[in-house]
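Take a look at the structure set out below.
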Amino acid sequence: MSVWSPLTGSLCILLALPPSGFAAPGSKVRPEYRKKMQGDERVLHALNRFTFGPRPGDLEMVRTQGVDAWFEQQLHPASIEDQSLAERLTEFPAMRLSPAELLARFPNNAIVRQVTNGKLTMPDSGLLHTVYANQVARVNQKKEEKAQAANASSTTMAENGMGTGNAATNTASPEVRDPQEAQLLLALAPRDRMLRLIAMQGRDLDRFVNGLKGPEKTALTAGFTPLMRETLGDLEAPERTVVEELMGQRLTRAIYSNAQLQEVMTDFWLNHFNVFLRKNEATPYQLVSFERDVVRPRALGHFEDLLEAVAHSSAMLMYLDNAESIGPDSAAAVRARFAPSRNPDKKKADQGLNENYARELMELHTLSVSGGYTQADVIQAARILTGWTVDQPQRGGGFRFDEKRHEPGTKRVMGKKFKEHGEQEGRDLLHFLATRPATAQSISRKLAVRFVSDDPPQGLVDGMAKTYMATNGDIAAVLRTLYRSPEFWSEDAYRAKVKTPLEFVVSAVRASNADVAEMRPLIQVLREMGMPLYGCVPPTGYKEDAADWVSTGALANRMNFALRLSANRLNGVQVAWARSPGELTDVESEEARLENSVVPGGLSDATRAALLQSVDQQQPANAAGTTTVAVNDGSRGRPTTAGQEQALAGLLLGSPEFQRR
């Protein structure tokens with residue numbers, strides 16, 4: 001007898017296979033499968049590189065259209081019909097708002113503190129008044145609890161007579177939940193249920209929602225419109241609602257968009273121009289516009305246009321501190337030096353010149369660390385960019401050029417003279433950097449690493465850089481050069497890239513044709529795998545190299561996710577493996593069917609044998625997640641159970657071949 005254990009059984013077998021995902025020495029892909037798929041390798045390669053992974057039916061669709069025609073269409077996302085995506089995106093109504101509108105509608109902690117301290121006025125009435133009142137009540141409650149804890153600690157210390165002692169714990173009796181309260185509210189029609197929730201005070205709402213168990217949580221929002229669900233989130237935790245919608249729409253686009261190359265390139269540029277979600281309390285709100293208005297529309301345009309839009313964005317100016325930079329000889333700095341007392345410019349001037357953005361602009365965004373610039377060039381670039389700031393940054397304001405902060409005089413960067421010309425100096429600097437051969441090389445190499453291999457051939461990079469220079473940085477033209485290159489289509493490039501956690505999770509959802517009604521479980525999975533969305537702290541962004549993502553622990557996490565996904569054990573994510581009702585198949589036949597759908601490029605003999613052995617010897621957990629035991633009779637001819645079907649699918653998603661693209 002054997003007990004199903006994904007981490008001690010199938011995982012150990014699969015992790016022992018060659019990590020490359022190619023067939024082991026002397027092993028061959030099933031002959032008839034190799035013959036069938038030989039002509040489709042080109043299609044699969046394109047799908048694996050220029051999308052987040054093929055969905056069932058994509059191979060046939062691209063084969064019919066022609067891979068060249070399909071790729072050319074992907075370079076023009078506006079020409080691609082995507083009504084189903086548009087319908088899914090209605091689930092995120094806040095993502096249509098500007099940062100200022102978001103902060104007004106979903107106040108963050110900074111806004112709430114200002115309202116609490118009387119520096120901002122609370123809305124007089126309506127839903128927004130309730131949202132603000134709930135948040136203020138929560139702040140005041142925390143202050144009271146902190147004061148009570150301090151008083152209790154002082155009392156305990158005094159009673160001990162020694163001046164020391166453990167702080168007293170909160171001994172207040174817990175609030176008892178009325179068992180009928182939830183039943184009565186959940187029985188209401190959606191609109192009446194929403195009105196009742198709005199009428200609750202902040203602490204009462206928290207107590208009620210946190211007290212719901214299992215199915216009750218699902219029933220709470222049953223029948224709610226997207227706006228009603230968003231309103232409930234606003235009443236509970238406004239900033240969290242914005243963050244969840246930001247991440248939710250990002251994953252929705254990656255999973256369901258037909259304009260897949262645009263989404264892949266949006267991910268590429270969001271990583272290239274990385275902005276950390278938690279830089280400050282305003283950043284989540286700014287990232288909405290950064291992704292929507294700055295990056296995605298320009299993901300396949302001209303690099304200089306994208307670079308300038310990023311440089312003017314509030315998100316980047318605040319993340320890399322340029323919004324605080326003051327020219328040492330600017331009007332603001334001079335005024336502060338000569339009249340330091342009672343001078344409103346004094347504090348700002350003391351911040352001085354900030355080189356962070358100028359350095360990353362040259363090192364990461366354009367030239368690269370070997371691009372030929374010096375520390376003196378960084379300082380001069382920082383002087384050019386003084387005055388590039390943000391209007392009312394904590395209120396969602398946009399770019400503003402402040403002449404008083406701008407460093408006067410002529411500057412020189414890498415031998416290029418920049419005459420004093422206000423904001424235009426910065427535009428001229430961006431043009432200069434965007435048109436350098438070093439920038440062409442740097443951007444081309446990063447694209448080649450993303451789409452070809454971790455160590456791309458220099459000849460390919462040179463060809464792409466040549467196109468970059470000839471087309472003034474036309475990203476689509478550079479990608480077209482990559483696509484047409486012999487290096488892209490070489491056997492060495494096939495399945496040569498290990499998927500990042502984001503690529504793995506999204507490709508697994510796409511391959512399983514899952515219907516995702518709730519993105520939070522996937523967001524959590526990415527955190528567990530070490531790649532939270534917008535979660536990279538340094539400006540370098542997440543790395544592409546396989547070495548950063550391949551370890552026994554990381555692969556165990558991936559296998560665990562694959563098994564949970566295939567068995568429908570992720571809340572709000574539903575997979576149906578498309579077997580005809582009542583159809584009975586043996587394990588080998590079912591494996592072949594699922595392999596053709598989930599891993600159309602095929603498995604090696606070694607992987608397939610390990611997978612079949614694992615399912616053959618062990619009985620998977622049932623849909624409820626409880627472990628069952630079965631006798632191993634060694635018969636592959638017996639009909640497969642639903643649990644075995646799910647196990648087969650999960651092991652295929654966790655296989656070395658699926659881990660690569």
Just wondering, more than 12 heavy atoms not from [X] lying within 6.0 Å of its [atom1]?
X	atom1	answer
Lys543	NZ	no
Arg520	CZ	no
Lys466	NZ	no

Pair Thr266-Glu291, side chain to side chain donor-acceptor pair (under 3.5 Å): steps then yes or no: CA-CA 8 Å; Thr266 297; Glu291 179 180 327; over 6 Å; no
Name all residues meeting the side-chain hydrogen bond (donor to acceptor under 3.5 Å, both in side chains) criterion together with [X]; count only those two or more places apart in sequence or in a different chain, and write none if there are none.
X	answer
Arg445	Gln458
Thr241	none
Ser257	Asp82
Arg527	Gln524

Would you name the heavy atoms of [X] and [Y] that are closest together and state the gap between them?
X	Y	answer
Tyr542	Gly535	OH-C, 3.3 Å
Ala448	Leu482	CA-CD1, 4.0 Å
Phe658	Leu652	CB-O, 3.4 Å

Could you tell me if Thr607 and Ser604 have a donor-acceptor pair between their side chains, going purely by distance under 3.5 Å?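 A pair is found: one side chain offers a donor N or O, the other an acceptor, under 3.5 Å apart.
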Does a donor on one side chain and an acceptor on the other come within less than 3.5 Å for Arg558 and Gln659?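 Per modelled atom types, Arg558 and Gln659 side chains form a pair under 3.5 Å.
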Between Leu246 and Tyr534, is any pair of side-chain heavy atoms under 4.5 Å apart?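 SC-SC contact between Leu246 and Tyr534 confirmed.
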Counting distance only, does the side-chain N/O of [X] pair as donor-acceptor with the main-chain N or O of [Y] below 3.5 Å?
X	Y	value
Arg495	Arg660	no
Asp58	Arg55	yes
Ser512	Val509	yes

Parallel, tilted or perpendicular for His45 and Tyr494, by the 30°/60° rule?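 Tilted.
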Side chain to side chain donor-acceptor pair (under 3.5 Å) assessment of Thr467 paired with Thr481: CA-CA 7 Å; Thr467 299; Thr481 296; 2.7 Å; yes
Which residues share a side chain to side chain contact (heavy atoms under 4.5 Å, CB included) with [X], sequence neighbours left out:
X	answer
Asp293	Ser289
Glu81	Gln83, Asn258
Gln574	Asn568
Pro297	none

With [X] via ring pair (Phe, Tyr, Trp, His ring centres under 6.0 Å) - residues at least two apart:
X	value
His302	none
Phe71	Phe50, Tyr483
Phe52	none

Contact list for residues 250-259, test salt bridge (charged side-chain N to carboxylate O under 4.0 Å, His left out), sequence neighbours left out: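 Salt bridge (charged side-chain N to carboxylate O under 4.0 Å, His left out) check on residues 250-259 returns Arg250-Asp267.
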Are the aromatic ring centres of Trp269 and Phe290 under 6.0 angstrom apart?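 No, the ring of Trp269 stays outside the 6.0 Å limit from the ring of Phe290, centre to centre.
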What residue among Val295, Val294, Leu533 forms side-chain contact (heavy atoms from CB on, under 4.5 Å) with Leu270?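 Output: one option passes, namely Val295.
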Ring-face cation of Arg88 near Tyr256 (centre distance under 6.0 Å, axis angle within 45°):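 Yes, a cation-pi geometry.
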Can Glu544 and Lys497 be counted as an ion pair, charged N to O under 4.0 angstrom?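 Yes, this pair counts.
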Residues Arg450 and Glu503 bridged, charged N to O under 4.0 Å: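 Looking at Arg450 and Glu503, the cut-off is met.
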Side chain to side chain donor-acceptor pair (under 3.5 Å), that's the test. Do Gln262 and Gln74 meet it? Break it down for me. CA-CA 7 Å; Gln262 182 183 39; Gln74 288 290 313; over 6 Å; no
